[in-house]
There are 2 protein chains.
Amino acid sequence: MKAAERQLRIRQMLESRDFIDSETLGRELDASESSVRRDLDILEQEGVLRRVYGGAVSVQVPPTRAFDYAVESVRLSDEKSRIGRLAAGLIEDGQTVILDGGSTVAAVAGQLASKSLHIVTNSLPIAEGLESLRNIELTLTGGYLDPRSRVLLGPFCEQMLGAIRADAVIMGIGGINETGLSNNNTLVVGSEQKMIAVAARVIIVADHTKFGRGGMIPVAPLAAAHIVVSDAALRPEYVAMLRDHGIDVLLA
Amino acid sequence: MKAAERQLRIRQMLESRDFIDSETLGRELDASESSVRRDLDILEQEGVLRRVYGGAVSVQVPPTRAFDYAVESVRLSDEKSRIGRLAAGLIEDGQTVILDGGSTVAAVAGQLASKSLHIVTNSLPIAEGLESLRNIELTLTGGYLDPRSRVLLGPFCEQMLGAIRADAVIMGIGGINETGLSNNNTLVVGSEQKMIAVAARVIIVADHTKFGRGGMIPVAPLAAAHIVVSDAALRPEYVAMLRDHGIDVLLA
DNA sequence: ACAGACGATGAAAGCTGCTGAACGGCAACT
DNA sequence: AGTTGCCGTTCAGCAGCTTTCATCGTCTGT
């Protein structure tokens with residue numbers, strides 16, 4: 001394995017982990033710890049990570065400061081923040097991205113803070129978390145404001161979503177099983193279907209507890225999703241099911 | 001487990017817990033209590049937590065939001081709140097009302113809290129002020145979020161406004177003189193023109209300092225307004241000018 | 001095709017700094 | 001005042017870091 005490839009792999013690993021120790025890196029990359037250390041030096045100079053005793057930590061734009069206001073009530077579990085980081089890694093500078101509501105998507109939003117993006121969202125908490133960032137151009141959908149979830153809904157929201165095109169949509173979901181994606185909130189389903197329709201890539205974020213569950217309202221068949229990001233506790237049969245449908249599965 | 005990783009885990013644990021005792025930390029992190037104590041020292045220096053006897057408590061983030069609101073309410077002068085009360089009296093239960101952005105309009109919004117209304121607004125601060133009220137149905141326009149004024153703008157906003165009808169619009173304004181209403185913020189003008197077009201009654205709220213001023217961008221001729229609400233310090237010639245155009249003038 | 005230069009790699013040596021255990025002191029509770 | 005439990009300090013041991021060097025593969029010029 002060449003140096004450039006190792007460094008790429010290290011970058012990827014840091015998308016889903018806060019910290020990696022040198023020993024693990026050496027083993028996973030099949031290289032000596034000397035080489036790993038050299039790679040870490042280079043990546044540190046590039047600002048990708050920070051070297052610490054025992055390994056390296058990923059240098060994130062402190063989500064604890066940039067985004068906490070929006071999600072102060074929603075305690076982010078470890079799993080969700082790992083999913084967030086991994087999903088955020090799928091988005092590249094300059095893209096237009098639709099963000100659905102929901103706490104898992106909010107976790108992704110926090111990790112997008114360092115990128116230059118055009119974000120379209122119907123979620124007020126997410127908008128509030130991102131609005132102060134100069135590198136993010138923020139567009140809200142219109143619509144009725146649901147006071148419980150603080151999400152914009154209804155025909156105006158759908159109409160506006162129908163008028164745009166996006167590189168990707170990042171969407172949370174109530175339940176996933178072999179029959180497809182589903183949700184329990186009746187009102188958001190229409191907007192979510194529109195989001196899927198206008199986005200070139202559909203990225204579903206869902207922790208492992210969402211699998212096997214069927215929500216009340218079907219949203220879309222499995223084939224509508226291009227990428228599913230979940231956590232390591234996802235049972236293998238679900239991974240296989242998704243891959244059978246041609247869906248990329250990433251586990252944080 | 002390395003020091004850096006332990007400290008990250010401690011940070012995460014404090015996201016969901018206010019207090020952690022040293023013994024639990026030592027067990028969960030698989031490290032000696034000595035090491036845990038050292039970590040806590042470091043994290044305390046970084047301001048993440050505060051050490052207490054038996055463990056550590058998370059240090060709550062100072063709410064910068066409260067500062068914003070404080071500034072806003074200080075700026076809300078006696079005149080504006082009187083104008084707000086008077087203008088709110090023009091609105092009846094059950095109506096659909098469009099609210100423009102701006103601090104004077106925000107003063108009106110505060111006085112609308114007791115009524116049962118359907119409010120349409122492009123202002124995030126106003127939406128945040130009203131969203132918790134059960135008697136108010138709230139619809140936001142879509143559009144680009146202007147980070148400075150926190151108002152939704154642009155073609156999506158105008159398109160959505162064009163699709164609705166309202167009983168009234170309550171609008172602040174940058175300047176009023178014999179040539180009409182004008183504003184200094186280029187971007188909001190298009191939305192304001194739409195609001196005027198779709199509302200049955202156009203209610204302009206403006207303290208007396210706005211009169212005689214000409215803003216950079218013309219918004220509408222005087223005749224577009226149906227009611228102007230100002231304060232008692234408004235000079236009589238302006239009252240006469242407005243009445244000559246068939247506009248009702250109310251002085252708070 | 002061959003020789004030399006260059007960069008990358010892994011191993012070894014020496015050093016730095018982290019770790020856990022032990023111990024005395026102090027705070028909290030009875 | 002006594003007991004219990006927690007804290008800060010100290011120190012030996014060791015894991016990990018840096019530096020150095022020999023080796024190997026690749027590239028370049030002749």
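A, B, ... follow the sequence lines: proteins, then strands. Residue 1 opens every chain.
- Nucleic acid contact class of G55(B) (heavy atoms, under 4.0 Å, all strands): sugar-phosphate only.
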Inset, instruction - Indicate for each nucleotide in nucleotides 20-28 of chain D, in 5' to 3' sequence, whether protein heavy atoms under 4.0 Å reach the base (B), only the sugar-phosphate (S), or nothing (-). - result: ---------
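- More than 12 heavy-atom neighbours from other residues, nucleotides or ligands sit within 6.0 angstrom of CD on E237(A).
- Shown here is D244(A), whose CG atom has more than 12 heavy atoms of other residues, nucleotides or ligands within 6.0 Å.
- Counting non-hydrogen atoms under 4.0 angstrom, V36(B) reaches nothing in the nucleic acid.
- Under the 4.0 Å criterion applied to side-chain N and carboxylate O atoms, R150(B) and E128(B) are assigned as salt-bridge partners.
- In terms of the ring-ring contact (aromatic ring centres under 6.0 Å, His included) criterion, residue partners of F211(A) (sequence neighbours excluded) are, by chain and number, Y238(A).
- By the 4.0 Å N-to-carboxylate-O rule, E33(B) lies close enough to R37(B) to be salt-bridged with it.
- Between dC6(D) and S22(B), no contact under 4.0 Å exists linking OP1 or OP2 to a side-chain N or O.
- The distance from atom OH of Y53(A) to atom P of dT18(D) is 10 Å, rounded to the nearest whole Å.
- Side-chain atoms of D21(B) do not come within 3.5 Å of backbone N or O of G54(B) as any donor-acceptor pair.
- Straight-line distance from the CG atom of L40(B) to the C1' atom of dG8(D): 13 Å, rounded to whole Å.
- Evaluated for a salt bridge (Lys or Arg N to Asp or Glu O under 4.0 Å) with D18(A), the options R50(A), R85(A), R82(A) yield exactly one hit, R85(A).
- Proximity of a side-chain donor or acceptor of D93(A) to a complementary backbone N or O of K115(A) within less than 3.5 Å is not detected.
- With a cutoff of under 4.0 Å to any heavy atom of chain B, the contacted region of DNA chain C is bounded 5' to 3' by dT19(C) to dA27(C).
- Separating the CD atom of E23(A) from the P atom of dC14(D) is a distance of 17 Å, rounded to the nearest angstrom.
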